[in-house]
Amino acid sequence: MSLEESEKNKYNYLGDYDVIVIGAGHAGCEAALASARMGHKTMMFSINLEAVAMMPCNPAVGGTGKGHLVREIDALGGEMGINTDKAFLQMKMLNTSKGPAVHSLRAQADKWQYHIEMKRTIERQENLDMKQQEVVDIDVKDGKICGVMTRTHAYYGCKAIVIATGTFLRGKIFIGDSNFQSGPNGLAPSVLFADSLKAHGMKLRRFKTGTPARALKDTFNYDEMIEQDGDEKIVPFSFMDDSLVKDQIPCWLTYTNEETHKIIRDNFQRSALFGGEIEGVGPRYCPSIEDKVKRFPDRKRHQLFVEPEGVHTDEMYIQGMSTSLPEDVQRDFYHTIKGLENIYITRPAYAIEYDCINPHDLKLNLEYKYIDGIFCAGQFNGSSGYEEAAAQGLMAGINAALYVSGKDPFILDRSEAYIGVLIDDLVTKENSEPYRIMTSRAEYRLVLRQDNADTRLTQKGYDIGLVSEERYQKYLKKKAVVERELKRLNEVTVGPKDADEFLEAHGSSKLQHRVSLMELLKRPELTYSDLAEIDPERPNDVTFHAMEEIEVRVKYEGYITKQMSRVARFKKLENKKLPQDFDYSSLDGLRIEARQKLDQIKPMSIGQASRIAGVSPADINVLLIYFEKVRREKKNER
């Protein structure tokens, strides 16, 4: 226990942990599980255990870009993909009309089952304790974290912590001209802990997000809306699941109209967003309905989806309609929409603002720069979304565990994973709003596909001690099957007599001579599954996940090869490491803005430095010349 002797009698000492996780949302759950599975004694605190893996906003997992994150979390040994496969109501692959780089899986989830399954997993995890308790202070000595204190005056010692407070930190709800301190979903906010972090020198800023209303399912008119079914063939999120079978529940699509927009425009002055009460910055890519109407005055309609929240509740979620307008206005504009004319709203929409850190104060391993042993994850880092939170939580938990063990940090770069893109963007780039992952943010997205996440990451997860032996063996088997099948497809040939009837039936041109099955698979109109008709020797151990990767690798071989050459050039700059204690203000030739930004962020490499706003190509040349000179001088001294 590191408290000074005079302070000890204020607290009840309740034991020591290697890692303490503060918060039990999607970031906190992944962080705690990662730390415990890597063999460290871990405690996860939550103000309310009903908040474990809670979905206070959209009851869904995945989507464009986000589905890639879930697959990567799963490939590294995280839980989100497995839990989603247990709790989904509907699965749908998005962007199938486009190339495989942007195919993204999305699941409508049963929010209660998702919470229950994740909580049960945590309760049964070896090395992991969970407690309903509010952390109000941290104990720091000699620049290192030593423990945490709770509202009940309990003290827990630790070697590292992960802060994953979500939107609870000084949370404040806004509905019209009403506002009050609250966490999401009516739970208590965390106020004292925010004061503690400020007292320890953390610079916090204010962000906001919002959530739409919920309404009872029997009060919707489904005849007036467009049914949105899940995919006939259910694709699992987790590489541990080869197939899934379930009766899926539909979602529904409808639209706002001019009457809706008029009610909203007439009440702009009653919106907390426009009334000046909200100080936090909201996400540009997920605006409230009043923001949409104001920003796009020529749009005649905006789409919204009606989605089930679970099989044991009658509440439906109205996606795309977050707002901070008062309840009477919400009632009036919802009732103008086809299918929603008579809905009964059980929970009004609201905006919530909260404290978060500037991620420029973090290292690439998500450790806080100014106090050793503090790692940060999720919306506390200025991101939005369950998937972004879970990805950061996993990485923060991994790196907290490695820190405790005295091992090097685990960092994924932009060419290795969407997780690498996410964290590099947060830590390196300017983010003035809650950050959301998108496929367009990834320069190398053709090699960062969701189908090959395990090929890219499972070996890494195994090497750091997170991936289980069962998962690792499953990965090795899939890898062997893929390589064997690629070889076999290249060796097995068919002639006109074998294939012409098949090709004609699939709208493909006939053969002039014998070709390999691989050559046929390169044709855009043919799939690996189609070829089974003329491939009687096909092995029966090719799983869906293996099939998916085989097909993409064959069809996009040329494009993938080109992108890998770009990755090689990228790696050269990433491998030019920069010292973390260098004083950039002393380096002649750098512009003033570049000196300030480089000193603030302390990039780990020339590559990272090149992505900092305010650092020009000329500044990068100065760095290259200077550090090459230093390298040569050191070499000559030997």
So do Met93 and Ser104 actually touch side chain to side chain, heavy atoms under 4.5 Å?
no
Check Asp361 with Lys203, please: is the shortest side-chain N to carboxylate O separation under 4.0 Å?
no
Regarding Thr167 and Gln379, is there a side-chain donor-to-acceptor distance under 3.5 Å anywhere?
no
Does the side chain of Ile419 come within less than 4.5 Å of Met395's, by heavy atoms?
yes
Salt bridge flag under 4.0 Å for residues Arg449 and Asp451:
yes
Listed partners of His360 passing side chain to side chain donor-acceptor pair (under 3.5 Å), at least two apart
none
Main chain of Ile437, side chain of Glu388: is a donor-acceptor contact present, judged purely on distance under 3.5 Å?
yes
What pair of heavy atoms forms the shortest contact from Val447 to Asn452, and how long is it?
O-ND2, 3.1 Å
Hits for side chain to side chain donor-acceptor pair (under 3.5 Å) against Thr543, two or more places apart or cross-chain, chain-then-number order -> none
What do the steps show when you test Met202 against Ile163 for side chain to side chain contact (heavy atoms under 4.5 Å, CB included), and what is the final call?
CA-CA 12 Å; Met202 275 199 181; Ile163 301 175; 4.0 Å; yes
Can you tell if the side chain of Ser415 reaches within under 4.5 Å of the side chain of Glu443, non-hydrogen atoms only?
no
Is the shortest side-chain heavy-atom distance between Tyr354 and Phe168 below 4.5 Å?
no
Run the salt-bridge test on Lys597 and Asp619 with the 4.0 Å N-O cut-off and return the result as yes or no.
no
We want to know whether Tyr462 and Glu469 form a side-chain donor-acceptor pair, criterion being a heavy-atom distance below 3.5 angstrom.
yes
Holding to salt bridge (charged side-chain N to carboxylate O under 4.0 Å, His left out), I want the full list of residues that pass it with Glu557, two or more places apart in sequence or in another chain.
Lys522
Is any side-chain heavy atom of Phe45 closer than 4.5 Å to a side-chain heavy atom of Met43?
yes
Residues in ring-ring contact (aromatic ring centres under 6.0 Å, His included) contact with Tyr418, at least two apart in sequence or another chain
His68
CA sep, side-chain torsions, deciding dist, call: Val482, Arg553, side chain to side chain contact (heavy atoms under 4.5 Å, CB included):
CA-CA 10 Å; Val482 169; Arg553 283 178 61 175; 3.6 Å; yes
Do Ile398 and Met38 touch side chain to side chain, with heavy atoms closer than 4.5 Å?
yes
Around atom NZ of Lys144, are there more than 12 heavy atoms from other residues, nucleotides or ligands closer than 6.0 Å?
no
Lys479, NZ: over 12 other non-hydrogen atoms inside 6.0 angstrom
no
Is the closest basic N to carboxylate O distance between Arg456 and Glu549 below 4.0 Å?
no
Less than 4.0 angstrom from a charged side-chain N to a carboxylate O is my criterion; do Arg120 and Glu123 meet it?
no
What I want to check is whether the side chains of Gln392 and Asn381 have a donor and an acceptor closer together than 3.5 Å.
yes
Polar side-chain atom of Asp110 near backbone of Gln113 as donor-acceptor pair, under 3.5 Å
yes
To the closest 0.5 Å, what do you measure between CG (Leu169) and CZ (Arg206)?
8.5 Å
So which atom in Ser384 and which in Pro434 form the shortest heavy-atom distance, rounded to 0.1 Å?
CB-CB, 3.9 Å
Who pairs with Tyr370 by ring-ring contact (aromatic ring centres under 6.0 Å, His included), at least two apart in sequence or on another chain?
Tyr368
What is the minimum heavy-atom distance between Cys376 and Ile357, and which atoms define it?
SG-CD1, 4.5 Å
With sequence neighbours excluded, what pairs up with Tyr584 under the ring-ring contact (aromatic ring centres under 6.0 Å, His included) test?
Phe582
Salt bridge check, Lys66 against Glu387: does any charged N sit closer than 4.0 Å to a carboxylate O?
yes
Got Asn399 and Pro409 here, is their nearest side-chain heavy-atom distance under 4.5 Å?
yes
Looking only at heavy atoms, the pair that brings Ile601 and Lys369 closest together is O-NZ, 2.7 Å
What residue pairs, at least two apart or across chains, pass side chain to side chain donor-acceptor pair (under 3.5 Å) with a residue in residues 23-35?
Ser35-Thr42
With no hydrogens and no angle check, is any side-chain donor or acceptor of His545 less than 3.5 Å from a backbone partner on Asp241?
yes
Can you check whether Gly607's main-chain N or O pairs, donor with acceptor, with Ser610's side chain at less than 3.5 Å?
yes
When you measure from the side chain of Lys460 to the backbone N and O of Phe410, does any donor-acceptor pair fall under 3.5 Å?
no
The criterion is side chain to side chain contact (heavy atoms under 4.5 Å, CB included); which residues satisfy it with Glu433, sequence neighbours excluded?
Val281, Arg284, Tyr285
Run Lys571 and Asp413 through salt bridge (charged side-chain N to carboxylate O under 4.0 Å, His left out) and show every step you take.
CA-CA 9 Å; Lys571 288 283 191 182; Asp413 69 39; 2.6 Å; yes
Please tabulate, for side-chain N and O atoms in residues 53-62, each donor-acceptor pair with protein atoms closer than 3.5 Å (sequence neighbours left out).
none

Is atom CD of Glu430 surrounded by more than 12 heavy atoms (other residues, nucleotides or ligands) closer than 6.0 Å?
yes
Ion pair check, Lys41 and Asp129, cut-off under 4.0 Å:
no
Would you find a donor on one side and an acceptor on the other, under 3.5 Å apart, between the side chain of Ser46 and the backbone of Ala24?
no
Looking at every heavy atom in both Val102 and Asn95, which two are closest together, and how far apart are they?
O-ND2, 2.9 Å
Taking the ring of Tyr475 and the ring of Phe239, is the distance between their centroids below 6.0 Å?
no
Verify, without hydrogens or angle tests, whether Thr428 (side chain) and Asp425 (backbone) share a donor-acceptor contact under 3.5 angstrom.
no
Residues in side chain to side chain donor-acceptor pair (under 3.5 Å) with Gln228, at least two apart?
none
Would you check if the side chain of Gln600 reaches a backbone N or O of Gln596 as a donor-acceptor pair within less than 3.5 Å?
no
Residues forming a ring-ring contact (aromatic ring centres under 6.0 Å, His included) with Phe544, sequence neighbours excluded:
none
Locate the shortest heavy-atom distance separating Gly373 from Glu367; write the atom from each residue and the value.
N-OE2, 2.9 Å
State whether the number of non-hydrogen atoms from other residues, nucleotides or ligands found under 6.0 Å of Lys577 atom NZ is greater than 12.
yes
With a 4.5 Å heavy-atom cut-off, do Tyr528 and Val554 have their side chains touching?
no
Set of salt bridge (charged side-chain N to carboxylate O under 4.0 Å, His left out) partners for Asp424, sequence neighbours left out
Arg414, Arg611
Using modelled atom types only, decide if a donor and an acceptor are shared between the side chain of Asp85 and the backbone of Ser238 within a distance under 3.5 Å.
yes
Candidate pair Leu412 and Ile423, rule side chain to side chain contact (heavy atoms under 4.5 Å, CB included), full reasoning:
CA-CA 9 Å; Leu412 295 168; Ile423 294 175; over 6 Å; no
